[in-house]
Amino acid sequence: MTLEATVSIGWVNTVIGAAERLSLNANQLLAEAGIPEAACELERWPIDDITRLWHAAERCTGDPGFGLKVGAEFSPMSISGVGFALQSAATLREAIVMVQRFQRLISDGGRFQIVAGNTATWLVYHPRQGRLAFSPHQIEAVLASVVGFGSWVTGTRMQPSRVQFSQPRLGPLAGYQTVFNCPVEFEQAFSGVQIDNAVLDQPLPQADPQLAQVHERYTNARLAALSINSASVPEIRRWLTARIGPVLPRRADAAEALGISERSLARRLREQGQTFDGLVDDVRREKALQAVVDFSASLPEIAEALGFAEVSTFYRAFRRWTGMPPVRWRKQENLTS
């Protein structure tokens, strides 16, 4: 896992490509979302950035079926090694289990849960949004991509037995029927796709156990590298910056978010010449220096907002950071500005 959910550029490009096919210029879309063009050179985006992109596409296209179009056009080959591994699986069920394992390489903005029944199995989607609420089009795209993925892997159009959404319907029912070709319900307890077990367990035409092992080793290595990078100092600093408040985030919170032990987190930070407490202190210092020069908040209010139990403790920390008390710093900075 990561401290902040991120998404691969392959999924980002799928969204942009669908918008372009609706005659929306990519640069126009990025500008509407408030995202610099240079972001397209990154390997992964923060989940809130792609959520901004989705909301911008929703506004610019005015198309209630935009999410369905994105999902229907999704190709596992846009996710490189993961797509090759899935293509070599023995059955669709095995491929879906692999999607669960390697989901982070595509996006860790959600997870799939398999709920098996006697004759059919539910593939339930649990979104993991950031600070911004997901666009409902994002959820529709994910479920539509499940059907597109199943069709791509099996070589025939996959027809679910049932589809449901926890959200209201966005567009005409005919649009959902075109994509799913099965009963679709809305405002249900969860969002998911139900697939007959006979479809899930039918041997796939391109199954290759030896090739699957090769691709799986490669994909596991990429996943391990992503996990290591997730505990980087810059990412943890960004996470702390968003969470420093009256109640300070703990090292245990960060370790739990990453899915590693506190000892492993401490070791990874030590390898980068840092400690968790040191990063907390650095972020509090940065926020304190910014807040003190702003007269809109009193010093006791700043102390409380940064998680100091006593104003005197804040004063001592500020003197340690700057060599002077906050009142003097405030006067000095405002005289020179």
Is there a chain of hydrophobic side chains (I, L, V, M, F, W, Y, each step under 4.5 Å between heavy atoms) that links [X] to [Y]?
{"X": "F149", "Y": "F112", "answer": "yes"}
{"X": "V124", "Y": "V146", "answer": "no"}
{"X": "F66", "Y": "V184", "answer": "yes"}
{"X": "V97", "Y": "V142", "answer": "yes"}
{"X": "I96", "Y": "L204", "answer": "yes"}

Gap between atom [atom2] of [Y] and atom [atom1] of [X] - 0.5 Å precision:
{"X": "E271", "Y": "R267", "atom1": "CD", "atom2": "CZ", "answer": "6.0 Å"}
{"X": "E140", "Y": "R169", "atom1": "CD", "atom2": "CZ", "answer": "10.5 Å"}
{"X": "L265", "Y": "D253", "atom1": "CG", "atom2": "CG", "answer": "11.0 Å"}
{"X": "L24", "Y": "E32", "atom1": "CG", "atom2": "CD", "answer": "9.0 Å"}
{"X": "I244", "Y": "R284", "atom1": "CD1", "atom2": "CZ", "answer": "6.5 Å"}
{"X": "Q177", "Y": "L68", "atom1": "CD", "atom2": "CG", "answer": "11.0 Å"}

Is the shortest heavy-atom distance from the side chain of [X] to the side chain of [Y] under 4.5 Å?
{"X": "L173", "Y": "F186", "value": "yes"}
{"X": "Q194", "Y": "V163", "value": "no"}
{"X": "V7", "Y": "D108", "value": "no"}
{"X": "K287", "Y": "T241", "value": "yes"}
{"X": "T119", "Y": "D196", "value": "no"}
{"X": "I114", "Y": "W122", "value": "no"}
{"X": "S151", "Y": "T156", "value": "no"}
{"X": "I47", "Y": "T6", "value": "no"}

- Item | Residue R263 excluded, over 12 heavy atoms near CZ under 6.0 Å |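 Not more than 12 within 6.0 Å, no.
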- Around atom CZ of R328, are there more than 12 heavy atoms of other residues, nucleotides or ligands at under 6.0 Å?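 Check fails, neighbour count at 12 or below.
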- Given the rule in the side chain to side chain contact (heavy atoms under 4.5 Å, CB included) test, do H137 and L170 qualify, once you have shown the distances and angles that lead to the verdict? CA-CA 8 Å; H137 291 274; L170 298 181; 3.8 Å; yes
With no hydrogens and no angle check, is any side-chain donor or acceptor of [X] less than 3.5 Å from a backbone partner on [Y]?
{"X": "R330", "Y": "V292", "result": "yes"}
{"X": "S261", "Y": "S264", "result": "yes"}
{"X": "W45", "Y": "A39", "result": "yes"}

- Indicate whether the side chain of N197 and that of T121 have a donor and an acceptor atom separated by less than 3.5 Å.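 T121 and N197 do have a side-chain donor-acceptor pair below 3.5 Å.
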- Query: Does the side chain of D277 pick up a donor-acceptor pair with the side chain of T275 at under 3.5 Å?
  - Reply: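 Side chains of D277 and T275: no pair found under 3.5 Å.
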- Message: Could you go through R320 and D281, starting from their C-alpha distance and side-chain angles, then the distance that decides it, and tell me whether this counts as salt bridge (charged side-chain N to carboxylate O under 4.0 Å, His left out)?
- Response: CA-CA 11 Å; R320 172 170 56 83; D281 192 62; 2.9 Å; yes
- May I have the step-by-step check of side chain to side chain contact (heavy atoms under 4.5 Å, CB included) for F165 and I139, ending in yes or no? CA-CA 8 Å; F165 293 93; I139 309 299; 4.3 Å; yes
- Message: If the condition is ring pair (Phe, Tyr, Trp, His ring centres under 6.0 Å), which residues does F134 pass it with, not counting sequence neighbours?
- Response: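 Result, ring pair (Phe, Tyr, Trp, His ring centres under 6.0 Å) vs F134: none returned.
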Mind listing the closest non-hydrogen atom pair of [X] and [Y] along with its distance?
{"X": "V147", "Y": "P160", "value": "CG2-CG, 3.7 Å"}
{"X": "G171", "Y": "P64", "value": "CA-CB, 3.8 Å"}
{"X": "L30", "Y": "E37", "value": "CD1-CA, 3.9 Å"}
{"X": "I16", "Y": "L53", "value": "CG1-CD2, 4.0 Å"}
{"X": "S135", "Y": "T51", "value": "N-CG2, 4.3 Å"}
{"X": "A242", "Y": "R131", "value": "CB-NH1, 3.4 Å"}

Could you tabulate the donor-acceptor pairs under 3.5 Å formed by side-chain atoms of residues 304-316, not counting sequence neighbours?
none

- Message: E286 vs R237, test: salt bridge (charged side-chain N to carboxylate O under 4.0 Å, His left out). Steps then yes/no.
- Response: CA-CA 11 Å; E286 292 171 2; R237 189 185 294 274; 3.5 Å; yes
- Item | Pair T91-L200, side chain to side chain contact (heavy atoms under 4.5 Å, CB included): steps then yes or no | CA-CA 6 Å; T91 64; L200 286 174; over 6 Å; no
- Where at least one partner belongs to residues 17-29, residue pairs that pass side chain to side chain donor-acceptor pair (under 3.5 Å), sequence neighbours excluded: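 Residue pairs passing side chain to side chain donor-acceptor pair (under 3.5 Å), neighbours aside: R21-E73.
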- Query: Tell me the side chain to side chain donor-acceptor pair (under 3.5 Å) pairs involving residues 181-193, sequence neighbours left out?
  - Reply: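 Checked against side chain to side chain donor-acceptor pair (under 3.5 Å) - neighbours excluded - the pairs reaching residues 181-193 are Q159-N181, R162-E185, S166-S191.
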- Query: Between R111 and Y125, is NZ or CZ placed under 6.0 angstrom from the six-membered ring centre and within 45° of the ring axis?
  - Reply: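 Cation-pi check for R111 and Y125: fails.
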- Geometric class of the F276/W239 ring pair [parallel <30°, tilted 30-60°, perpendicular >60°]: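 Tilted.
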- Over 60° means perpendicular and under 30° means parallel, so classify the ring planes of F318 and W321, tilted if in between.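 Ring orientation of W321 relative to F318: perpendicular.
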- Would you call D49-R44 a salt bridge at under 4.0 Å N-O?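 Judged by the 4.0 Å cut-off on N to carboxylate O distance, D49 and R44 do not form a salt bridge.
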- side chain to side chain donor-acceptor pair (under 3.5 Å) partners for K69, two or more places apart: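 If we apply the side chain to side chain donor-acceptor pair (under 3.5 Å) test to K69, skipping adjacent residues, the hits are D63.
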- Message: Can you list everything that forms a side chain to side chain donor-acceptor pair (under 3.5 Å) with E301? Sequence neighbours excluded, please.
- Response: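 Scan of E301 (side chain to side chain donor-acceptor pair (under 3.5 Å), adjacent residues dropped) gives S298.
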- Given side chain to side chain contact (heavy atoms under 4.5 Å, CB included), test T322 with L289 step by step and report yes or no. CA-CA 9 Å; T322 66; L289 296 185; 3.6 Å; yes
